[in-house]
*Asks:* 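Before anything else, here's the structure in question.
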Amino acid sequence: MREIGNNIEITVNDLTVSYNDEGENGAPVIIFIHGFPFNKSMWDKQVKALKENYRVIAYDVRGHGDSDSGTGDFSIDLFADDLLSLMDELKIDKAMLCGLSMGGYIALNAVEKHPDRFDALILSDTNCIADSLEAKEKRLKTIESIKKNGVEKFAEESIINLFAPESLSTKKVEIAAVREMIVNTSKQSISKTLRAFYERKETCSRLQDINIPVLIMVGKEDKITPPEAAQMMHEKIVDSVLYIIEHAGHLSNLENPIDFNSQLEELVSSVYY
Ligand code: MLT
């Protein structure tokens, strides 16, 4: 029997996972995967926009929000396995995935391994390349700095890079919400996730095999996964659509939800008409 509502707990891969599940029984399913180190609440405006016509699920990735972290190391493979196990537990054969940044890494990994389980893909502010040597160095330095200076300092430094310069003065509520999500993530989970990014494999070489509808969105001022990264994925994924979101940095769904939702709704209604 399906449970509808927010902060529902389920055991997946021996782990308690927290998720929101809204919308009609039997409606097409859209699953949202958040970025790092945030949680499912970052999708509230998208869930609200779609729940009238679709079944919409947003869950907390292992170690984030209200989901447990388990005992071992994290990896993008493990995060993707958790997603597939969640779909199995919820008896969802097929769904559309929408992932932002880390959520996009997870979505690409899942689609690569299980192409038959997905109807369409929304890749937002994400990338298909593995970390460069320089990026890997930076991950290690960040892990050290978090150990030494704590998560609050990490949150302050992250916010400058996450948001577009104009959002830093216009999006106070969103910034406060993001800060809250970051500081509520444990030091250990943040470090384990950074290590998973360090180890992450590229997915660019398999993009040409994707044959479902793909919408790629990116904030015009995304400094973390810039528009060039989105353009590169767009060129590799046959028939994909690329949309650059104005007035947004890395958190395009929070910084410009109107444009983000309008592209999202257009794609969803073209797939599930
Ligand atoms: C994210 O938003 O998920 C992260 O910025 C991803 C990353 O650091 O690679």
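For reference, positions follow the sequence shown, starting with 1. Order of listing sets the numbers, starting from 1, for every ligand and every atom in it.
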*Asks:* Taking atom types as modelled and ignoring hydrogens, do the side chains of T185 and H64 form a donor-acceptor contact shorter than 3.5 angstrom?
*Replies:* no
*Asks:* Find out if a path of hydrophobic residues (ILVMFWY) with successive side-chain heavy-atom gaps under 4.5 Å connects I129 to M233.
*Replies:* no
*Asks:* For ligand 1, list all ligand N or O to protein N or O distances below 3.5 Å, rounded to 0.1 Å.
*Replies:*
unit_1   : atom_1 : unit_2 : atom_2 : d
ligand 1 : 2 (O)  : S101   : OG     : 3.0
ligand 1 : 2 (O)  : H250   : NE2    : 2.8
ligand 1 : 3 (O)  : F36    : N      : 2.8
ligand 1 : 3 (O)  : S101   : OG     : 3.1
ligand 1 : 3 (O)  : M102   : N      : 2.8
ligand 1 : 5 (O)  : H250   : NE2    : 3.4
ligand 1 : 8 (O)  : R139   : NH1    : 2.9
ligand 1 : 9 (O)  : Y105   : OH     : 2.5
ligand 1 : 9 (O)  : R139   : NH2    : 2.8

*Asks:* Write out all pairs satisfying side chain to side chain donor-acceptor pair (under 3.5 Å) with one or both partners inside residues 150-164, taking only residues at least two apart or from two chains.
*Replies:* K153-E157, E156-R179
*Asks:* Is a donor from one side chain sitting under 3.5 angstrom from an acceptor on the other, for N39 and D66?
*Replies:* no
*Asks:* When the aromatic ring centroids of F36 and F197 are compared, is their separation below 6.0 Å?
*Replies:* yes
*Asks:* Test of understanding: clusters of I, L, V, M, F, W, Y form through side-chain heavy atoms closer than 4.5 Å, transitively. Do I76 and L78 belong to the same one?
*Replies:* no
